[in-house]
Amino acid sequence: MATAVAEEVISDKPVAEEPPLASVMEKPYDVVKDKPLAPPPHHDAMALTKVPEPAAKKASKGSLDRDIALAKLDGDKKLSYIKAWEENEKCKVENKAQKKLSDVAAWENSKRAALESELKSIEEKVEKKKAEYAEKLKNRVALVHKQAEEKRAMVDCKRGEDMLKAEETAAKFRATGQVPSRGFACFGG
């Protein structure tokens with residue numbers, strides 16, 4: 001009885017006629033309304049059951065509009081597949097380019113690190129050689145200073161000897177009363 005009331009409610013409503021294209025366009029996956037869905041067959045029944053062949057299309061205005069709408073949907077579906085494929089390919093290309101760019105950046109970083117390491121080792125070698133050369137120069141300066149001190153000592157010694165010799169000679173001249181003849185020729189003559 002409840003079903004009879006529900007049927008009456010449905011039948012009492014005025015049926016608003018929609019344009020055939022609009023109804024198909026809004027609900028693309030629910031194309032066939034009148035045909036009830038059959039429950040899926042069991043695996044054993046699949047082998048024995050034959051699939052009914054589709055009935056021949058009738059050439060009426062409603063089916064023609066439906067065919068046009070289905071063709072448009074099929075075209076839209078193809079275009080959406082093509083667009084999705086294009087976006088997928090572009091994404092693949094972009095990812096591949098990013099991977100190659102990151103590979104190039106990693107290669108650059110590794111080469112830069114190797115060159116910086118080589119430069120640092122060269123700088124260390126140069127600093128070491130510079131320190132060794134500075135040490136050699138300091139040793140040479142110390143050697144020159146030592147030799148200069150020795151020469152100064154020799155000059156002082158020679159001067160002391162010459163002063164002593166001059167004093168002895170002067171004392172000898174005083175004792176003998178002679179006048180030295182060498183080096184003083186302009187004085188006494």
Side-chain angles (χ1 to χ4, degrees), residues 19 21-31 37 40 43 46 66-189:
L21 286 177
S23 66
V24 173
M25 291 301 290
E26 290 174 4
K27 303 171 187 171
Y29 297 108
D30 190 18
V31 176
L37 295 175
H43 293 293
M46 288 181 122
R66 192 178 80 182
D67 290 344
I68 292 171
L70 288 174
K72 181 167 176 28
L73 283 175
D74 190 39
D76 289 345
K77 185 178 177 182
K78 285 180 184 178
L79 288 176
S80 69
Y81 281 143
I82 291 170
K83 186 176 180 182
W85 177 85
E86 180 185 15
E87 288 176 3
N88 187 29
E89 289 299 311
K90 285 180 178 180
C91 186
K92 284 180 188 177
V93 167
E94 187 66 29
N95 289 341
K96 191 175 185 180
Q98 286 296 328
K99 184 176 185 286
K100 286 189 178 189
L101 287 175
S102 67
D103 289 345
V104 168
W107 175 82
E108 179 187 17
N109 289 339
S110 67
K111 290 297 182 181
R112 184 184 306 149
L115 290 174
E116 286 175 355
S117 172
E118 185 178 345
L119 179 64
K120 188 175 181 180
S121 68
I122 289 172
E123 286 175 348
E124 288 174 358
K125 286 179 184 177
V126 166
E127 286 296 321
K128 185 177 178 182
K129 287 203 180 260
K130 182 180 174 183
E132 289 173 0
Y133 190 68
E135 186 68 28
K136 285 181 183 179
L137 286 179
K138 286 179 183 178
N139 291 341
R140 286 176 61 188
V141 166
L143 181 64
V144 167
H145 181 70
K146 180 183 172 189
Q147 290 173 347
E149 286 295 321
E150 288 175 356
K151 288 184 178 186
R152 282 189 196 103
M154 288 178 65
V155 168
D156 283 343
C157 183
K158 178 78 170 157
R159 183 182 65 188
E161 288 176 3
D162 287 345
M163 290 286 249
L164 188 61
K165 187 176 178 183
E167 287 176 5
E168 287 177 0
T169 309
K172 191 168 142 191
F173 285 133
R174 283 188 202 111
T176 58
Q178 290 181 330
V179 178
S181 59
R182 291 183 285 181
F184 295 107
C186 61
F187 288 123

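This structure is a prediction, so every number in the text was calculated from the model and none was measured. Hydrogens, waters and symmetry mates are skipped; everything else that's a heavy atom, side chains included, is used.
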Student: What I want to find out is whether D156 reaches R159 closely enough, with some N-O distance under 4.0 Å, to be called a salt bridge.
Tutor: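 Here D156 pairs with R159 in a salt bridge, since their nearest N and O are under 4.0 Å apart.
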Student: I'd like to know if the side chain of N109 and the backbone of A105 have a donor-acceptor N/O pair within less than 3.5 Å.
Tutor: yes
Student: Please check: side-chain N/O of S117 versus main-chain N/O of A113, any donor-acceptor pairing under 3.5 Å?
Tutor: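 No: the side chain of S117 does not pair with the backbone of A113.
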Student: Using a strict 4.0 Å threshold on nitrogen-to-oxygen distance, state whether E89 and K92 make a salt bridge.
Tutor: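 Looking at K92 together with E89, the answer is yes, because their closest N to O distance falls below 4.0 Å.
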Student: Within this structure, what is the CG-CD distance for the pair L119 and E124, rounded to the nearest 0.5 Å?
Tutor: 10.0 Å
Student: Mind checking the CG-CD spacing from L101 to E94? Nearest 0.5 Å is all I need.
Tutor: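 Answer for the CG-CD pair, L101 versus E94, is 8.5 Å.
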Student: Between CD of E86 and NZ of K90, what distance do you get to the nearest 0.5 Å?
Tutor: 4.0 Å
Student: Flag the pair K136 and E132 as a salt bridge only when some basic side-chain nitrogen lies within less than 4.0 angstrom of an acidic carboxylate oxygen.
Tutor: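 Salt bridge: no.
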Student: Taking K72 first and then D76, would you say they form a salt bridge - that is, a charged N and a carboxylate O separated by under 4.0 Å?
Tutor: yes
Student: Is the shortest side-chain N to carboxylate O distance from E168 to K165 below 4.0 Å?
Tutor: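 So E168 does not pair with K165 through a salt bridge.
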Student: Show, in sequence, the C-alpha distance, side-chain angles and deciding distance for L79 and K83, and conclude whether the side chain to side chain contact (heavy atoms under 4.5 Å, CB included) test is met.
Tutor: CA-CA 6 Å; L79 288 176; K83 186 176 180 182; over 6 Å; no
Student: Measuring from K128:NZ to S121:OG, what's the distance to the nearest 0.5 Å?
Tutor: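 Answer for the NZ-OG pair, K128 versus S121, is 12.0 Å.
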Student: Measure the CD-CD distance between E123 and E116 for me, rounded to the nearest 0.5 Å.
Tutor: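 Here the rounded value is 10.0 Å.
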Student: Dump the intermediate steps for side chain to side chain contact (heavy atoms under 4.5 Å, CB included) on C157 and E161, then the final yes or no.
Tutor: CA-CA 6 Å; C157 183; E161 288 176 3; 3.6 Å; yes
Student: Roughly how far, to the nearest 0.5 Å, is NZ of K138 from NE2 of H145?
Tutor: 15.5 Å
